[in-house]
Amino acid sequence: MTHLIDMMDNADFVLIDGVVFETEYLRVPDEDTVADDVVLEAKRGDTEIALTRAEIDDAEHVGEGVFRLKSGAHLRFLSSATIH
């Protein structure tokens, strides 16, 4: 789970089963986060998703920043590139 938490931090987008959603709310789980707490809300057009702590707990890292949730969905957090 630690690696997933590291990837969540400051993510601008989340890729779920090949579909990119813009992150609207993101709470990195900590010791005060309970199973029913929403840790991610994201939107793509009219489609909105929300994931709870319970849904991301025990996510399996399958390589290259991709995690498989208990539901079977593949998840990857993305950040915007900053050019200086």
Side-chain angles (χ1 to χ4, degrees):
M1 174 84 159
T2 301
H3 189 62
L4 174 65
I5 290 171
D6 294 340
M7 301 296 291
M8 285 179 75
D9 197 24
N10 298 317
D12 299 307
F13 303 93
V14 61
L15 182 70
I16 300 176
D17 288 339
V19 179
V20 177
F21 292 85
E22 185 173 359
T23 303
E24 294 193 329
Y25 171 79
L26 185 65
R27 177 180 178 183
V28 175
D30 58 25
E31 62 277 349
D32 295 323
T33 312
V34 297
D36 291 339
D37 286 344
V38 172
V39 294
L40 170 72
E41 290 178 353
K43 187 174 184 177
R44 178 185 171 103
D46 293 335
T47 304
E48 297 180 4
I49 60 151
L51 295 176
T52 63
R53 170 75 187 254
E55 291 173 303
I56 68 163
D57 274 350
D58 301 322
E60 176 187 0
H61 185 244
V62 294
E64 297 187 25
V66 178
F67 295 84
R68 183 177 21 248
L69 303 179
K70 290 182 263 189
S71 67
H74 288 95
L75 177 85
R76 183 175 187 179
F77 293 97
L78 308 168
S79 295
S80 298
T82 303
I83 300 173
H84 295 275

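Here the structure is a predicted model, which means the values were calculated and not measured.
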Checklist entry - Can you tell me how far CD1 of I16 sits from CG of L40, rounded to the nearest 0.5 angstrom? => result 6.0 Å
Next on the checklist: Whether the side chain of D37 engages the backbone of V34 through a donor-acceptor N/O pair (distance < 3.5 Å, no angle test) should be reported.
Outcome noted: yes
Item to check | D30 side-chain N/O to T33 backbone N/O, donor-acceptor pair under 3.5 Å | outcome: yes
Checklist outcome for this item: Rounding to 0.5 Å, atoms CD1 (I49) and NZ (K43) come to a distance of 12.5 Å
Checklist entry - Of all heavy-atom pairs between P29 and I5, which one has the smallest distance, and what is that distance? => result O-CD1, 4.0 Å
Next on the checklist: Just verifying a value: how many Å separate M8 CE and L75 CG, rounded to the nearest 0.5 Å?
Outcome noted: 8.0 Å
Item to check | Least distance between heavy atoms, S79 atom then A11 atom | outcome: OG-CA, 3.8 Å
Checklist entry - What is the distance from atom CD1 of I56 to atom CG of L4, rounded to the nearest 0.5 Å? => result 5.0 Å
Next on the checklist: Nearest 0.5 Å, please: how far is CZ in R76 from CD in E64?
Outcome noted: 6.5 Å
Checklist entry - Nearest heavy-atom pair of L26 and N10: which atoms, and what distance? => result CD2-N, 4.1 Å
Checklist entry - In terms of hydrophobic clustering (I, L, V, M, F, W, Y; side-chain heavy atoms under 4.5 Å; direct or indirect links), are L78 and Y25 co-clustered? => result no
Checklist entry - Can you get from L51 to L15 by hopping between Ile, Leu, Val, Met, Phe, Trp and Tyr side chains that sit under 4.5 Å apart? => result no
Item to check | R44 side chain to V20 backbone, donor-acceptor under 3.5 Å | outcome: yes
Checklist entry - Got a sec: does the CG of D46 have more than 12 other heavy atoms crowding it under 6.0 Å? => result no
Identify every side-chain donor-acceptor pair in residues 65-73 under 3.5 Å, counting partners at least two apart or on other chains, and give the distances.
{"residue": "R68", "atom": "NH1", "partner": "H74", "partner atom": "NE2", "Å": "3.4"}
{"residue": "R68", "atom": "NH2", "partner": "E60", "partner atom": "OE1", "Å": "3.3"}
{"residue": "K70", "atom": "NZ", "partner": "A54", "partner atom": "O", "Å": "2.9"}
{"residue": "S71", "atom": "OG", "partner": "A73", "partner atom": "N", "Å": "3.3"}

Item to check | Qualifying salt bridge (Lys or Arg N to Asp or Glu O under 4.0 Å) pairs, either residue in residues 10-23, two or more places apart | outcome: none
Checklist outcome for this item: Correct closest heavy-atom pair for E55 and A50 would be OE1-O, 3.7 Å
